[in-house]
Colleague: 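Below is one structure. I have some questions about it.
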Amino acid sequence: MVNPVRNSRSPLNPTGLGSKRNPASGQRSIISNRRKVKYVLIALILIAVGIGASLTLFQSEEKRVKKQFHLLFEGVLKEPGENIFTMDQKIKKIGSLFRESCEINIPAYSVSGRLTRDEITGYAARSRLHFTQLHLKFYDFNIAFPQEGEAKVRLTARLTGKTTAGEMVNEAHELDCLLKKIEKRWLFDRIEVVEVLRR
């Protein structure tokens, strides 16, 4: 009787699928790929949060700067029948928007130089006395923050009103302004009329 001889080259795997793969190495590569993706996602989220925070900060500072122009508009605004008390409150509001001294250059009105806050409010009070109606609007804002605590603003200002003599006023001026942040408040440090657009 002949004993069958086993083929030593026959596969040990009864299914005939070939040699087994090492499952540990495959799992390691999947895990390391997942970690890489996770770290990349975290980095992207942090970058997005940083950009979002800086944009929000920029926008909020921009709003604060624009608010100062709105307050200046409210201070200049004069309607017929305004009483002395209202005028006094508005002049005080105008004064509170400026630093202790501010450089003002308005060649058309022969105003030039560094004026104290009291001088500015004096000019404002005298100017308002010549009008029965006065409006000052600001638009076309271009705001830049060249360094921390400093805002450069280029914009258009339109002054309309009626003088006590009954003459109508309608002027547009292009302004360059510099505001500085003092104790969390933006205050005017320089106002300059760059160009008279319409008189």
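When reading the values below, keep in mind they use all heavy atoms of this one structure, side chains included, and skip hydrogens, waters and symmetry mates. Along the sequence shown, the residues carry numbers beginning at 1. The structure presented is a predicted model; accordingly, all values stated were derived computationally and were not measured.
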Colleague: Evaluate Lys181 against Glu148 for salt bridge (Lys or Arg N to Asp or Glu O under 4.0 Å), listing each step before the verdict.
Modeller: CA-CA 8 Å; Lys181 197 172 188 181; Glu148 192 175 344; over 6 Å; no
Colleague: Begin with the C-alpha distance, continue with both residues' side-chain angles, and end with the deciding distance and a verdict on side-chain contact (heavy atoms from CB on, under 4.5 Å) for Arg64 and Ser60.
Modeller: CA-CA 6 Å; Arg64 288 188 183 109; Ser60 65; 3.8 Å; yes
Colleague: Look up atom CD1 in Ile104 and atom CZ in Arg114, then write down how far apart they are to the nearest 0.5 Å.
Modeller: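 With rounding to 0.5 Å, CD1 (Ile104) is 9.5 Å from CZ (Arg114).
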Colleague: Around atom NZ of Lys162, are there more than 12 heavy atoms from other residues, nucleotides or ligands closer than 6.0 Å?
Modeller: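 No, the 6.0 Å shell around NZ holds no more than 12 heavy atoms from other groups.
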Colleague: Side-chain contact test, heavy atoms from C-beta onward, threshold under 4.5 Å: evaluate it for Val153 versus Asn142 and give yes or no.
Modeller: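 Not in contact.
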Colleague: Is it the case that His70 and Gln68 place a side-chain donor and acceptor less than 3.5 Å from each other?
Modeller: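 No, no side-chain donor-acceptor pair sits under 3.5 Å.
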Colleague: What is the distance from atom CE of Met87 to atom CD1 of Ile84, rounded to the nearest 0.5 Å?
Modeller: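 If I round to the nearest 0.5 Å, the distance is 5.0 Å.
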Colleague: Can you confirm if the NZ or CZ of Lys66 lies within 45° of the ring axis of Phe141 and under 6.0 Å from the centre of its six-membered ring?
Modeller: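 Yes; both conditions hold, so Lys66 lies above the ring face of Phe141.
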Colleague: For the pair Phe69 and Phe188, name the ring-plane relationship: parallel under 30°, tilted 30 to 60°, perpendicular over 60°.
Modeller: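 It falls in the perpendicular class, over 60°.
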Colleague: State, yes or no, whether a side-chain contact exists between Thr132 and Thr163 at a heavy-atom distance under 4.5 Å.
Modeller: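 They are not in side-chain contact.
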Colleague: Each residue besides Ile182 in its hydrophobic cluster should be listed here, by chain and number; the cluster joins Ile, Leu, Val, Met, Phe, Trp and Tyr at side-chain heavy-atom distances under 4.5 Å.
Modeller: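 For the cluster that includes Ile182, the remaining residues are Leu187.
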Colleague: Would you mind reporting whether Leu115 and Cys102 have side-chain heavy atoms less than 4.5 Å apart?
Modeller: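 A side-chain contact under 4.5 Å is absent here.
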Colleague: Within a reach of under 6.0 Å around NZ of Lys152, are more than 12 heavy atoms found that belong to other residues, nucleotides or ligands?
Modeller: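 Not buried by this count: 12 neighbours or fewer within 6.0 Å.
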Colleague: Taking atom CD of Glu62 and atom CD1 of Ile143, what is their separation to the nearest 0.5 Å?
Modeller: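 If I round to the nearest 0.5 Å, the distance is 4.5 Å.
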Colleague: Would you say the side-chain atoms of Arg117 pair up with the backbone N or O of Phe98, donor to acceptor, closer than 3.5 Å?
Modeller: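 At least one qualifying donor-acceptor pair exists.
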Colleague: Do Val193 and Phe73 share a hydrophobic cluster, counting only Ile, Leu, Val, Met, Phe, Trp and Tyr and linking them when any side-chain heavy atoms are less than 4.5 Å apart?
Modeller: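 Same cluster: Val193 reaches Phe73 through Ile, Leu, Val, Met, Phe, Trp or Tyr contacts under 4.5 Å.
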Colleague: Give a yes or no on whether Phe85 atom CZ has more than 12 heavy-atom contacts from other residues, nucleotides or ligands under 6.0 Å away.
Modeller: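 12 or below, so no.
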Colleague: A side-chain contact here means heavy atoms from C-beta on lying under 4.5 Å apart; do Glu103 and Ile191 qualify?
Modeller: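 A side-chain contact is absent here, since even the closest heavy-atom pair is not under 4.5 Å.
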Colleague: When rounded to the nearest 0.5 angstrom, what is the spacing between CD1 in Ile91 and OG in Ser127?
Modeller: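 Between Ile91 CD1 and Ser127 OG, I get 8.5 Å after rounding to 0.5 Å.
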Colleague: Between Leu178 and Glu150, what is the shortest heavy-atom contact and its length?
Modeller: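 Looking at all heavy atoms of both residues, the shortest contact is CD1-CG, 3.4 Å.
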Colleague: For atom CD of Glu79, decide whether the heavy atoms of other residues, nucleotides or ligands shown that lie under 6.0 angstrom number more than 12.
Modeller: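 Yes - once you tally the heavy atoms of other residues, nucleotides and ligands closer than 6.0 Å, there are more than 12.
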Colleague: Hey, are Glu174 and Arg154 close enough for a salt bridge, meaning a charged N less than 4.0 Å from a carboxylate O?
Modeller: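 Yes, Glu174 and Arg154 are salt-bridged.
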Colleague: Of all heavy-atom pairs between Ser101 and Asp189, which one has the smallest distance, and what is that distance?
Modeller: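 The answer is O-OD1, 4.2 Å.
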Colleague: Can you tell me how far CZ of Arg185 sits from NZ of Lys67, rounded to the nearest 0.5 angstrom?
Modeller: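 If we round to the nearest 0.5 Å, Lys67:NZ and Arg185:CZ are 9.5 Å apart.
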Colleague: Crowded around Phe138 CZ? As in, over 12 foreign heavy atoms under 6.0 Å?
Modeller: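 Atom CZ in Phe138 is packed in, count exceeds 12.
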Colleague: Determine the minimum heavy-atom distance between Ala172 and Arg158, stating which atoms define it.
Modeller: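 Looks like CB-NH2, 3.8 Å.
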Colleague: Please step through side-chain contact (heavy atoms from CB on, under 4.5 Å) for the pair Val169 and Leu134, ending with a clear verdict.
Modeller: CA-CA 9 Å; Val169 175; Leu134 193 59; over 6 Å; no
Colleague: Shortest non-hydrogen contact from Leu179 to Trp186?
Modeller: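 Looking at all heavy atoms of both residues, the shortest contact is O-CZ3, 3.6 Å.
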Colleague: Between Thr121 and Asp118, is any side-chain donor less than 3.5 angstrom from a side-chain acceptor?
Modeller: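 No.
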Colleague: Report yes if the side chains of Thr86 and Gln89 come closer than 4.5 Å at any heavy-atom pair, otherwise no.
Modeller: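 Not in contact.
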Colleague: State, to 0.1 Å, how close Leu155 and Cys177 come at their nearest heavy-atom pair, and which atoms those are.
Modeller: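 What the structure gives for the nearest pair is CD2-SG, 4.0 Å.
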Colleague: Would Val65 and Phe145 count as a side-chain contact (heavy atoms from CB on, under 4.5 Å) if you check the C-alpha gap in whole Å, the side-chain angles of each, and the deciding distance to 0.1 Å?
Modeller: CA-CA 10 Å; Val65 168; Phe145 298 94; 4.1 Å; yes
Colleague: Where do Glu119 and Thr116 come nearest, in terms of heavy atoms and distance?
Modeller: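 So the two residues come closest at OE1-N, 2.8 Å.
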Colleague: Would you confirm whether Lys78, through its side chain, and Arg128, through its main-chain N or O, come within 3.5 Å as a donor-acceptor pair?
Modeller: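 At least one qualifying donor-acceptor pair exists.
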Colleague: How many angstroms lie between atom CG of Leu77 and atom CD of Gln133, to the nearest 0.5 angstrom?
Modeller: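 With rounding to 0.5 Å, CG (Leu77) is 9.0 Å from CD (Gln133).
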Colleague: Under a 3.5 Å cutoff, is there a donor and acceptor pairing between the side chains of Arg190 and Asn105?
Modeller: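 The criterion, which ignores hydrogens and geometry beyond distance, is not satisfied for Asn105 and Arg190.
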Colleague: Applying side-chain contact (heavy atoms from CB on, under 4.5 Å) to Lys90 and Glu82, what does each step give before you reach the verdict?
Modeller: CA-CA 11 Å; Lys90 288 187 174 185; Glu82 179 181 272; 3.5 Å; yes
